Amino acid sequence: PSTSFRPSIDRLEMRNLLTTFMVINPVDGEDGSLRDAIEQANLSKGPDTIKFAMNVKEIQVSSQLLITDDLRIDGPGASKLTVNGDGDRVFALVPSKYAEEAPDLLTRPTAEQLTDAPSVKIKGLTIANGESSNALGLPDAEGFSFGGGIYNLGSDLHLDRVQMTGNTAVGPVTAGGAVANEFGGTLTVSRSEFIGNLSTGEVVAVGGAITSDSGRTDDGTEEGEPTQPPEVSIDRSSFVENKAEVLFAGNLGAPFTGLGGGGAVLNVTGTMTITRSDFVSNAAMGGPGDGALSGGAGFGGAILSGDVSPFAVADSKLIVSRSTFTGNTATGGSSSSLDVPGGIAAGGAISVGNGSDATLERNSFDSNSAAGGNGGLNADGGIATGGGVSGAGLATLLLNRNQFVDNTAMGGSGGGGTGTDAAGRGGGLGLDTIMLAGFDPGTATASSDSDSFVGNIAYGGIGGGIYN
């Protein structure tokens, strides 16, 4: 028997086509350039890819490259392509709605403006010599300068086999010389290198390479509403000779003034997981004490973690495993002024404070140091706590199977007259209370299981291995 056949048309869902843009011109802003490709990708809704012709080996940008839509930048390798900021921030990731409605990018975003934040992956290139002089989403008048290489405003950023070198954040309050992960953004770093990045603040300097923090949206009130907590994951990456250094001001009595913290990384109000990574010769340096109440504090030569930032108070968690920390330093600021003591120092490698939780497992801490600043005439030197790791301010530390070898804590020298030399406490691990504005004065707790302490020294002080 015959059967009838009636053709029909099925309705398909809407689909965005993936587009690949080829960079063929190294000259910034011209047709075929990286800027041109990013601008076209921003207009092509949905995920796109940017690749590079073989003749494009170095690109110098004249201003930050603004990314507002999902994008993959696929470079040929960090040794084959460099994107050079030469005094300007290199990349900025910003939700498209915010970019459209607040084109100067220096006002607080609303919660709605953060809802279409892009997802961006950057792979196989070097980002060098970027410099920030502002912090997107924050008014210039507030004095913040974050993210010399990349500023991530509430977006999802993945860096894979990227080298970031010589990037800088400069200004009164600086954070994230290489990368700023702000307004509750997500940052994933794999197989990447951070070399010689700087956070150089006039009053506060944190996160020499990376900073991660919440933000506050504009909800019609003066304070605003905190964003979701940020998240950071770092795997098989290295941090070498990054620095957070305060240039001019010591402890002025206001919160965090004079603080040089997190020579490589700052983690506040969020979760950070670090695995199989290396931290070598990073430095956190407090500001000079001249004209201040004391020298500035130096906390966390490699990493500083806490629950408190200028934008939010929220639980933070730091999880570090199977990583090495070698030759990192936390140094308090010194003074040459009468009756002005040196700054305190804590955590030559890692400093955990202000209620943060930290889990440290199967790491190696070798030859790290915390050094208090020297005092002026008739003033004491600054105390140093935890040459390898320090905890303070209701922090909770869980340590398991870590090795602490040849770490040192050395107090600063008194300035003569009635000034006295300060103690070093806990060459390997030290728990302390901190009496500084912006820091919780409570004590920390720590649990140590199968950790080893060999050759650690507290000069002129207490507890060569552990101070509690």
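Keep in mind the model is a prediction, meaning the values are calculated, not measured.
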Between the side chain of Asn282 and the main-chain N/O of Gly263, is any donor-acceptor distance below 3.5 Å? no
Side-chain ion pair, Asp357 and Lys317, N-O less than 4.0 Å: no
Just verifying a value: how many Å separate Asn400 CG and Arg362 CZ, rounded to the nearest 0.5 Å? 6.5 Å
Any idea how Phe311 and Phe146 line up, ring-wise: parallel (<30°), tilted (30 to 60°), or perpendicular (>60°)? perpendicular
Look up atom CD in Glu182 and atom CG in Leu136, then write down how far apart they are to the nearest 0.5 Å. 9.5 Å
Can you find a side-chain donor-acceptor pair between Thr326 and Asp366 that sits under 3.5 Å? no
Distance-only, no hydrogens or angles: does the Asn402 side chain make a donor-acceptor pair with backbone N or O of Asn363 under 3.5 Å? yes
In terms of heavy-atom contacts, Pro441 and Met435 come closest through CB-SD, 3.6 Å
Using only heavy-atom distances, determine whether the side chains of Asp70 and Ser119 contain a donor-acceptor pair under 3.5 Å. no
Look at the aromatic rings of Phe439 and Phe299 and report parallel, tilted or perpendicular, splitting at 30° and 60°. perpendicular
Interatomic distance, Thr445 atom OG1 to Leu397 atom CG [nearest 0.5 angstrom]: 7.5 Å
For Arg191 and Ser237, work out which heavy atoms get closest and say how close. N-OG, 3.4 Å
Let's go through Asp219 and Thr221 carefully: what are the C-alpha distance in whole Å and the side-chain angles of both, what is the deciding distance for side-chain hydrogen bond (donor to acceptor under 3.5 Å, both in side chains) to 0.1 Å, and is it a yes or a no? CA-CA 6 Å; Asp219 64 353; Thr221 67; 2.6 Å; yes
Taking everything shown except Glu112 itself, do over 12 heavy atoms lie less than 6.0 Å from its CD? no
Donor on one side chain, acceptor on other, Asp290 and Ser337, under 3.5 Å: yes
Can a side-chain donor-acceptor contact be found between Thr68 and Ser96 if the only test is distance below 3.5 angstrom? no
Rounded to the nearest 0.5 Å, how far does CD of Gln60 lie from CG of Asp28? 8.5 Å
Pro230: which of Thr269, Val268, Thr271 passes side chain to side chain contact (heavy atoms under 4.5 Å, CB included): Thr269
Side chain to side chain donor-acceptor pair (under 3.5 Å) test vs Ser199 passes for just one of Thr168, Asn167, Asn242, Thr174, namely Thr174
Straight-line distance of Leu187 CG to Glu231 CD, nearest 0.5 Å: 11.0 Å
Ala392 and Ala444 have their tightest heavy-atom pair at N-CB, 3.4 Å
Before giving the answer on side-chain hydrogen bond (donor to acceptor under 3.5 Å, both in side chains), spell out for Ser364 and Thr324 the whole-Å C-alpha distance, their side-chain angles and the decisive distance to 0.1 Å. CA-CA 5 Å; Ser364 170; Thr324 65; over 6 Å; no
Would you please say whether a donor-acceptor pair under 3.5 Å links the side chains of Thr188 and Ser233? no
Does Phe256 have more than 12 heavy atoms from other residues, nucleotides or ligands lying within 6.0 Å of its CZ? yes
Indicate every side-chain donor-acceptor pair of residues 339-353 with a distance under 3.5 Å to a residue at least two apart or in another chain.
from	atom 1	to	atom 2	distance (Å)
Ser351	OG	Ser390	OG	3.3

Residues Asp235 and Ser190: side-chain donor-acceptor under 3.5 angstrom: no
On a heavy-atom basis, the closest approach of Val61 and Val83 is CG1-CG1, 4.0 Å
Could you state the interatomic distance from OH (Tyr151) to CG (Leu66), rounded to the nearest 0.5 Å? 12.5 Å
State whether the side chain of Arg236 and the backbone N or O of Ser192 hold a donor-acceptor pair below 3.5 Å, judged by distance alone. no
Assess, by modelled atom type and distance only, whether the side chains of Ser238 and Asp278 contain a donor and an acceptor separated by less than 3.5 Å. no
Side chain to side chain contact (heavy atoms under 4.5 Å, CB included) with Leu293: which of Thr257, Asn251, Leu436? Asn251
Nearest heavy-atom contact between Ser323 and Ile274 is OG-CG2, 4.0 Å
Which heavy atom of Arg108 sits nearest to which heavy atom of Asp218, and what is that distance? O-CB, 3.7 Å
Modelled atom types, side-chain donor and acceptor of Asp140 and Asn134, under 3.5 Å: no
Going by the rule side chain to side chain donor-acceptor pair (under 3.5 Å), which residues pair with Asn267 if we only count those two or more places apart in sequence or in a different chain? Ser305
Holding to ring-ring contact (aromatic ring centres under 6.0 Å, His included), I want the full list of residues that pass it with Phe279, two or more places apart in sequence or in another chain. Phe239, Phe325
